[in-house]
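Down below is the structure, laid out as structure tokens.
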Amino acid sequence: MAAGDLSDNPGIIVGVVKDFNSKSLYTAVEPEYITTFRSSYQNIGVKISSNDPSAILAHIKKEWQAVYPDNVFEYHFLDEQITDFYKKEDLLNKLIKSSAAIAIFISCLGLLGLISLLTLQRTKEIGIRKVLGASVTHVTALLSVDFLKLVFIAVVIASPVAWLMMSKYLQNFAYRIDMQWWVFVVTAILTLFIAFITVSFQSIKAAIANPINSLRDE
């Protein structure tokens with residue numbers, strides 16, 4: 001109950017507990033007190049066994065109606081109540097994950113299409129380089145480096161924007177984490193790795209092709 005109601009129910013303090021939040025993390029911990037004044041009763045917490053919750057709830061309801069016949073018996077499970085606190089966040093989390101997966105898939109398709117076009121346009125160059133002794137690693141790096149540069153630039157531009165958006169979102173919570181720099185570093189590494197795997201697929205295919213065929217076709 002609110003601390004302001006203490007003036008209406010004077011009593012003896014028999015113990016003090018650590019602060020705990022009875023609401024969502026959107027709100028700060030507020031002063032509360034737990035009392036034995038029957039006129040101040042609002043909620044009661046009961047720990048029940050999970051073996052037969054229906055029978056236990058029926059017994060609690062019976063005892064409640066015997067003591068408070070004029071009051072309606074309502075109950076909520078704590079885990080479900082906590083889940084209700086963050087329904088919006090759970091939905092937002094699923095939406096972000098789905099959108100991110102779709103965006104990554106489309107981006108990979110775009111990179112694959114671009115590298116395919118590039119290798120097609122540079123088929124003769126790749127053949128000449130291989131004839132002159134260029135290794136598969138050299139040709140793969142030659143075709144991949146430009147795309148990885150563009151992905152790196154995109155990460156550099158997107159990271160500050162993501163940091164600002166996340167910081168603004170976290171301001172809604174009374175208790176929140178701090179954004180760590182290593183999160184963006186790990187994200188950048190993963191992004192470059194995914195881009196490299198996507199680009200390397202077509203680059204290696206072009207690098208191991210027989211240069212005689214490509215030069216003859218040209």
Side-chain angles (χ1 to χ4, degrees), residues 21 23-29 79 82-211 214:
N21 202 336
K23 300 179 181 178
S24 71
L25 295 179
Y26 282 106
T27 58
V29 173
D79 57 342
I82 293 176
T83 302
D84 290 339
F85 284 160
Y86 306 106
K87 275 187 175 179
K88 184 177 69 174
E89 282 68 32
D90 183 56
L91 179 61
L92 180 62
N93 181 44
K94 293 179 180 178
L95 180 62
I96 291 175
K97 286 183 178 179
S98 302
S99 301
I102 295 174
I104 292 173
F105 179 72
I106 294 176
S107 299
C108 290
L109 287 180
L111 283 174
L112 189 61
L114 288 173
I115 190 64
S116 299
L117 178 62
L118 179 64
T119 54
L120 182 63
Q121 293 176 341
R122 302 177 67 174
T123 300
K124 184 176 181 179
E125 177 189 347
I126 294 172
I128 294 174
R129 286 181 180 275
K130 291 197 65 178
V131 170
L132 294 177
S135 63
V136 174
T137 303
H138 176 76
V139 174
T140 302
L142 178 68
L143 295 174
S144 303
V145 65
D146 291 336
F147 288 96
L148 294 181
K149 286 180 179 178
L150 293 175
V151 173
F152 179 77
I153 293 173
V155 170
V156 171
I157 295 174
S159 294
V161 177
W163 183 84
L164 288 174
M165 292 181 64
M166 286 302 302
S167 297
K168 185 176 181 180
Y169 171 73
L170 291 173
Q171 294 299 319
N172 296 324
F173 295 88
Y175 304 97
R176 53 186 176 270
I177 62 172
D178 295 324
M179 296 296 298
Q180 303 294 328
W181 61 269
W182 59 265
V183 174
F184 297 96
V185 174
V186 172
T187 302
I189 294 174
L190 288 176
T191 303
L192 291 172
F193 178 74
I194 294 174
F196 178 74
I197 294 298
T198 303
V199 172
S200 296
F201 175 78
Q202 188 67 25
S203 299
I204 295 175
K205 182 179 178 181
I208 63 178
N210 191 337
S214 60

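These numbers come from the heavy atoms of this one structure, side chains and all, not from hydrogens, waters or symmetry mates. Predicted, not measured: the structure shown is a model, and the values here were computed from it. The chain is numbered in sequence order, starting from 1.
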Between OG1 on residue T187 and CH2 on residue W182, distance to nearest 0.5 Å: 8.5 Å
With N172 via side-chain contact (heavy atoms from CB on, under 4.5 Å) - residues at least two apart: Y26, Y169
Gap between atom CG of L25 and atom OH of Y175 - 0.5 Å precision: 8.5 Å
For residues 142-168, which side-chain donor-acceptor pairs fall under 3.5 Å, sequence neighbours excluded?
residue, atom, partner, partner atom, Å
S144, OG, T140, O, 2.7
S144, OG, S203, OG, 3.4
S159, OG, V155, O, 2.8
S167, OG, W163, O, 2.8

Side-chain (N21) to main-chain (A28) donor-acceptor, under 3.5 angstrom: no
Residues in salt bridge (Lys or Arg N to Asp or Glu O under 4.0 Å) contact with K97, at least two apart in sequence or another chain: none
Minimal non-hydrogen separation, M179 against L170, with atom names: SD-CD1, 3.9 Å
Distance-only check: which donor-acceptor pairs under 3.5 Å involve side-chain atoms of residues 101-118, not counting sequence neighbours?
residue, atom, partner, partner atom, Å
S107, OG, A103, O, 2.7
S116, OG, L112, O, 2.7

Those residues that, when tested against D90, pass salt bridge (Lys or Arg N to Asp or Glu O under 4.0 Å) (two or more places apart): K94
F85: side-chain contact (heavy atoms from CB on, under 4.5 Å) partners, not counting sequence neighbours: S24, Q81
Derivation of the side-chain contact (heavy atoms from CB on, under 4.5 Å) call for L91 and L95: CA-CA 6 Å; L91 179 61; L95 180 62; 5.6 Å; no
Side-chain touch L192/F196, heavy atoms, less than 4.5 angstrom: no
